[in-house]
Asker: 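One structure coming up, written as structure tokens, with questions to follow.
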Amino acid sequence: MNMHTSELSYNVEPLGRRWTISFCHTPHGTFDRRVDALRAAVQDADRVRRMGHRVTVSVARPHGAPFAERVVRLAP
């Protein structure tokens with residue numbers, strides 16, 4: 001049985017003074033802390049990865065941070 005797999009992307013992004021997780025170009029949830037949004041994104045990305053999909057989690061840096069975003073790829 002062949003399972004259809006996709007390349008899926010979660011993005012942890014600032015939303016005013018809060019953070020959100022965007023999935024399929026739609027914001028899902030808001031979090032007071034970046035780390036809480038990151039944990040939620042990785043937890044759901046791991047669930048989706050176990051279903052056989054390749055998943056990327058991109059984490060934006062706080063506004064004004066001199067570093068680029070971080071990217072984590074989860075392969076099935």
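Below, each value reflects all heavy atoms present in this structure, side chains not excepted, and no hydrogens, waters or symmetry copies. Quick caveat, the model's predicted, so the values are computed rather than measured.
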Asker: Using every non-hydrogen atom in the two residues, find where Thr26 and His28 come nearest and quote the distance to one decimal.
Answerer: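 In this case the closest contact between Thr26 and His28 is O-CD2, 2.9 Å.
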Asker: Under the salt bridge (charged side-chain N to carboxylate O under 4.0 Å, His left out) rule, what pairs show up with a residue in residues 34-45, not counting sequence neighbours?
Answerer: Arg33-Asp36, Asp36-Arg39, Asp44-Arg47
Asker: As an exercise, state the distance from CG of Leu8 to NE2 of His53, rounded to the nearest 0.5 Å.
Answerer: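 Between Leu8 CG and His53 NE2, I get 6.0 Å after rounding to 0.5 Å.
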Asker: Sequence neighbours left out, what passes side chain to side chain donor-acceptor pair (under 3.5 Å) with Arg18? Give chain and number order.
Answerer: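 With neighbours one apart ignored, the set is Thr30, Asp32.
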Asker: Ignoring hydrogens, what is the shortest heavy-atom contact between Ala41 and Val12? Give both atom names and the distance.
Answerer: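 Of all heavy-atom pairs spanning Ala41 and Val12, the closest is CB-CG2, 3.8 Å.
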Asker: Looking only at heavy atoms, what is the nearest atom pair of Ala45 and Val55, with distance?
Answerer: CB-CG1, 3.4 Å
Asker: Would you indicate whether the side-chain heavy atoms of Thr56 and Glu7 approach each other to under 4.5 Å?
Answerer: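 The answer is yes, as the side chains (C-beta and beyond) meet within the 4.5 Å cut-off.
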Asker: Side chain to side chain donor-acceptor pair (under 3.5 Å) with Arg17: which residues, sequence neighbours excluded?
Answerer: none
Asker: If the condition is side-chain contact (heavy atoms from CB on, under 4.5 Å), which residues does Leu38 pass it with, not counting sequence neighbours?
Answerer: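 Partners of Leu38 by the side-chain contact (heavy atoms from CB on, under 4.5 Å) criterion, ordered by chain and then number, come out as Val42, Val57, Val59.
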Asker: Which residue pairs satisfy the salt bridge (charged side-chain N to carboxylate O under 4.0 Å, His left out) criterion with at least one member in residues 21-31, sequence neighbours excluded?
Answerer: none
Asker: Applying side chain to side chain donor-acceptor pair (under 3.5 Å), can you list everything that pairs with Ser22, at least two apart in sequence or on another chain?
Answerer: Glu13
Asker: Please enumerate all residues that pass ring-ring contact (aromatic ring centres under 6.0 Å, His included) together with Phe31, with sequence neighbours excluded.
Answerer: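 Residues passing ring-ring contact (aromatic ring centres under 6.0 Å, His included) with Phe31: none at all.
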